[in-house]
Amino acid sequence: MLNAHAVITNYVSPNFHQKFQRRGNANAMLWRRRLTKLNFTPSTFKLFSLLHTQDCSFRPVPLTKEAFTYILQSCRSNTNQLQQIHGLLLTTGLSLKNSLVTCLLTNLTLLGNMSYARKLFDEMHKPRTFLWNTLIKGYTKNHIFIEAASVYREMRLVGVLPDSFTFPFVVKACAELPDIWVCSAVHAHVVKFGLEFVAMVRTELMLMYVRFGELDLADFLFGSMVERDLVSWNALIASLVQNGHASKALALFRQMGMAGIKPDAATIVSVLSGCGQLGCLEIGEEIYEVSRKEGIECNIIVDNARLDMCVKCGNVAKAKNMFEEMPKRNVITWSTMILGYAINGESEKALGLFSRMQKEDVEPNYVTFLGVLSACSHAGLVNEGRAYFDYMARSNDKNVQPRKEHYACMVDLFGRSGHLGEAYRFIKSMPIEPDAGVWGALLGACAIHQNIELGEHVADQIFQLAPDSSSYLVLMSNMYAASGRWDCVDKVRLRMRKRGVKKIAAYSSVEFEGEFHIFYGGDRSHPQSSLIFEKLDELLKEMRSMGYIPNTSSVFHDVETEEKEATLTAHSEKLAITFGLLNVNPEFPIRVMKNLRICDDCHTFSKYVSKLTSREIIIRDKIRFHHFKNGLCSCKDFW
DNA sequence: CTAGGGTTAG
């Protein structure tokens, strides 16, 4: 009689069947080797289930634990199959207590079927730490962070002890929760169970604190780590970059060099990405060159990061060369370049590159379309934008179906070009629930076109979805201020104060001789401060004679006109530009990075300065570049 | 038997 092992093996190779029979007994090692070489397919599974039906000429034989394990490993694509195996497990008399359940549970979590996974888990009698870990890991990997944290709590309540495998996932999940107190509690647990010096646990704790902006704590954990390997350095650098602390990341990178640790490709990727954020192309390029000389691998990810850096520093020409010379290009490469054109105001080139991408048969994804749509948005190409959006909606490809971000792009496109009604109807017709980002795009448009009624309605929607978002509140307050409704401005400000929402401080930075010079509004802390203000005064005088009128509409209402002008004068980008005029070699453009959007007045100011001084000024604000040359801006005043 | 780091967008 054939047993189940033999049938499966036979399916693998007819010859093997004979060999198998000659050997008499199933040698687990032997057929493990055969089976793992195979790609188990649904048909294999069918064969397997055939063994357990009456049409089968083979007598059903209880499968061994090994057989189940192999079958389970092969059925990762389909919950239905797993469910059948689960059923078989229950009927074959194999106990649910063994490692098969772990395997089944792992597979379910990989498929993302967490509700089933949880049910299976609940069937277990007194699950041990290992199984708890598997469940927590599943929730974390499927981004159901709150469940991951509460499963940990449950685990503690029933008295199961966590181990060093439990915490990496619990901590990772907690870092995604909006509550730092939960995180502190978990940190306390880590200490309580004596696991604070386990490298991976500590690394995760560190990342968690970076996420909450507690850099000192992260630094402490890192500094007092017992075994600090390359991965922990990389982890910290990467998370600093991802959470907007690029200059800290760069400092850490230097520290790493001094500690004599050799970076690898992953380090370089994060560092280049950080340089892009800061807008320091020269520093980034130097780091890249050095890494090449030191023989650090340069793969497509490094190339992409470098391309992105170039684009984010506003050097499109250089980026284009880099793009053409890349040995390999993937979707990310193309998307980066398309978006690069878009944010630098070269919409036609962005769209041209997109059609070239299609000609070269590279499949675009949803990010690619964000670039395409924002290219349309920055140039006011309403019809084109609509056409691309329709194309996406008609596409059968799941990767290209419009998402919330695309709707936000379209709303921005309609709204910015003055079609507020259409933007509103567009939101109302969305098949998915609009989020704060979608409404926010419309609020921005309302602010530009001074449509207060609609703005208020939109703000109501936003504040239900994101009550404490500082940028929308500021937008609202500016909108009221521009129309002189100071009572409403006060209300918004009061609301912000009550809920503890802080306005993000605006700052601008300039890279000069390998160093950053950061300016806040009205900042007099810079060593050249008095020189800068002197020069600024002089510039303003000349500009006024050319017809410049300061636009004070968005400044606080409770100050006199003169004071308003003074506040405006000291805007961070004006200080940064003036610093650039005083220091940067006249042959080069002055590059300024701003963390928020440039204000109307500073935009006008920059145009005048470029004309007056015949200098090229490049400002990168939160969402795009402005290239000022000879009194004109590349955005054509459409932003 | 499980585990930490890298590129576009947000």
Could you note down all residue pairs passing salt bridge (charged side-chain N to carboxylate O under 4.0 Å, His left out) where [range] supplies at least one of them, sequence neighbours left out?
| range | result |
| --- | --- |
| residues 403-414 of chain A | A:D412-A:R416 |
| residues 193-204 of chain A | A:K172-A:E204 |
| residues 127-153 of chain A | none |
| residues 290-313 of chain A | A:E285-A:R306, A:D308-A:K312 |

Please confirm whether the ring centroid of A:F389 lies under 6.0 Å from the ring centroid of A:F426.
yes
Does the separation of the ring centres of A:Y152 and A:H189 fall below 6.0 angstrom?
yes
Across all chains, not counting sequence neighbours, the side-chain contact (heavy atoms from CB on, under 4.5 Å) partners of A:E348 are none
Can you sort out the partners of A:V160 under side-chain contact (heavy atoms from CB on, under 4.5 Å), two or more places apart, ordered by chain and number?
A:T129, A:W132, A:M155, A:V158
Could you give the CE-to-P distance, from A:M326 to B:dT8, as a whole number of Å?
13 Å
Have a look at [X] and say if it touches a base, only the backbone sugar-phosphate, or nothing, with a 4.0 Å heavy-atom cut-off.
| X | value |
| --- | --- |
| A:T134 | nothing |
| A:K404 | nothing |
| A:E227 | nothing |
| A:F169 | sugar-phosphate |

Please list, by residue number, the residues of [range] whose heavy atoms come closer than 4.0 Å to an atom of DNA chain B; answer none if no residue qualifies.
| range | value |
| --- | --- |
| residues 279-300 of chain A | A:N299 |
| residues 305-323 of chain A | A:D308, A:K312 |
| residues 252-266 of chain A | A:D264, A:A265, A:A266 |

List, one per line, each side-chain donor-acceptor pair under 3.5 Å for residues 240-261 of chain A, sequence neighbours excluded.
{"residue": "A:N243", "atom": "OD1", "partner": "A:R211", "partner atom": "NH1", "Å": "3.1"}
{"residue": "A:N243", "atom": "ND2", "partner": "A:S239", "partner atom": "O", "Å": "2.8"}
{"residue": "A:H245", "atom": "NE2", "partner": "A:N243", "partner atom": "O", "Å": "3.4"}

Can A:F130 be classed as stacking with the base of B:dT2, given a centroid separation cut-off of 5.5 Å and a plane angle cut-off of 30°?
no
With sequence neighbours left out, the residues meeting salt bridge (charged side-chain N to carboxylate O under 4.0 Å, His left out) with A:R118 are A:D122, A:E154
Which residues satisfy the salt bridge (charged side-chain N to carboxylate O under 4.0 Å, His left out) test with A:E433, sequence neighbours excluded?
none
Looking at A:Q242, I'd like to know whether one of its side-chain N or O atoms comes within less than 4.0 Å of OP1 or OP2 on B:dT7.
yes
Between B:dA3 and A:K137, is there an OP1 or OP2 to side-chain N/O distance shorter than 4.0 Å?
yes
